[in-house]
Amino acid sequence: MPITWHNYSKVKRGRYADFDLSNQTQRAGFYPIVLLFSGLFTLFLISTSPYQPFNRGAVCFFLLLTGSYAINIFLKVSLHTAVSFFLACALFGLDEYLGVLMGLFSVLIAVSRLVLKRHSLPEIIAGVLIGLVAGASL
C-alpha cells in the first residue's frame, strides 16, 4: 500500500510519467523506496515470525528487487515479469498445478509487456531470469 501511494502521488505531481514507471531514469528513483519498504518488511518478518519458509521468501523477494535495481543501470528489467515468475516458483513449491498455471499466466504477462511496448525482449528475458533465480532460491 505505501508503494502504491508513493507512485500515485508522484504521478499526480508530474514526477513520474506514468504509474507503470516506464522511464528508466524515473524507475531508478523508485527502487530505493521499494527496497526500503521491502527491507523493513523483511526485517519485521524475520524478527517476529518463526515461519521460516515465509521469511526465506521475503529475503528472496528483497534480493530480486536488489538485483533488478543493480541491472537497471544498464537495462530496465521488467518487474512485472520478474515478480510473476517468482510467484510461479513459490506456488509450484506449494502446489504443482497452481505453479504451472501461474507459470502460464507469467508468460502472458511477459508477452503483454512486449505488446504494450513497455519493455524490449532483453528486458523481458532479464525479468524472467531474475524471477526464476529468486524463485528457485526459495
inquiry  = Taking the side chain as everything from C-beta on, heavy atoms only, tell me whether Leu98 gets closer than 4.5 Å to Phe92.
reply    = no
inquiry  = Are the side chains of Phe85 and Val107 in contact, using a 4.5 Å heavy-atom criterion?
reply    = yes
task = Over all heavy atoms of both residues, which pair between Leu138 and Cys89 is shortest? Give the atoms and the distance, please.
result = CD1-C, 4.3 Å
key: Within one Ile-Leu-Val-Met-Phe-Trp-Tyr cluster: Val133 and Leu91, side-chain cutoff 4.5 Å   = no
remark   = d(Leu108 CG, Met102 CE) to nearest 0.5 Å is 10.0 Å
message = Please tell me whether Leu94 and Phe54 are part of a single hydrophobic cluster in this structure, the criterion being side-chain heavy atoms less than 4.5 Å apart.
response = no
ask   = At their closest point, which heavy atom of Pro32 faces which heavy atom of Tyr69, and how far apart are they?
value = CG-OH, 3.7 Å
query = Within the side chain of Arg118, is there an N or O that forms a donor-acceptor pair under 3.5 Å with the backbone of Arg113?
reply = no
ask   = When rounded to the nearest 0.5 angstrom, what is the spacing between CG in Asn55 and OG in Ser47?
value = 9.0 Å
request  = Check His119 against Leu114 and note the closest heavy-atom contact, atom names and distance.
outcome  = O-CD2, 3.4 Å
ask   = Out of curiosity, Phe62 CZ to Leu43 CG, how far, rounded to the nearest 0.5 Å?
value = 8.0 Å
Polar side-chain atom of Ser38 near backbone of Leu35 as donor-acceptor pair, under 3.5 Å = no
request  = Could you pull out the closest heavy-atom pair between His6 and Tyr16, with the gap in Å?
outcome  = CE1-OH, 3.1 Å
task = Indicate yes or no: at least one non-hydrogen side-chain atom of Cys60 is less than 4.5 angstrom from one of Leu64.
result = no
inquiry  = Please say yes or no: joined through hydrophobic side-chain contacts below 4.5 Å, possibly via intermediate residues, are Ile71 and Leu129 part of one cluster?
reply    = no
key: Common cluster, Trp5/Val34, ILVMFWY with side-chain heavy-atom separation under 4.5 Å   = yes
Side chain proximity check, Arg27 to Lys76, heavy atoms < 4.5 angstrom = yes
message = Ignoring hydrogens, what is the shortest heavy-atom contact between Ser84 and Thr81? Give both atom names and the distance.
response = OG-O, 2.9 Å
query = Is Phe44 close to Ser49 at the side-chain level, that is, under 4.5 Å between some pair of heavy atoms?
reply = no
request  = Report the C-alpha distance between Asp18 and Lys10 in whole Å, list the side-chain angles of each, state the deciding distance to 0.1 Å, and finish with yes or no for salt bridge (Lys or Arg N to Asp or Glu O under 4.0 Å).
outcome  = CA-CA 9 Å; Asp18 55 32; Lys10 291 280 188 170; over 6 Å; no
ask   = How many angstroms lie between atom OH of Tyr51 and atom CZ of Arg56, to the nearest 0.5 angstrom?
value = 9.0 Å
Heavy-atom closest contact (Ser68 atom, Tyr31 atom, distance) = CB-OH, 3.4 Å
Side-chain heavy-atom pair Leu79, Phe30 within 4.5 angstrom cut-off = yes
ask   = With a 4.5 Å limit on heavy-atom distance, are the side chains of Glu123 and Val77 in contact?
value = no
key: ILVMFWY cluster, Phe105 and Val111 together (side-chain gap under 4.5 Å)   = no
request  = State the CG-CD distance between Leu45 and Gln52, to the nearest 0.5 angstrom.
outcome  = 10.5 Å
Atom pair CD1/CD1 of Ile130 and Ile125 - distance to nearest 0.5 Å = 12.0 Å
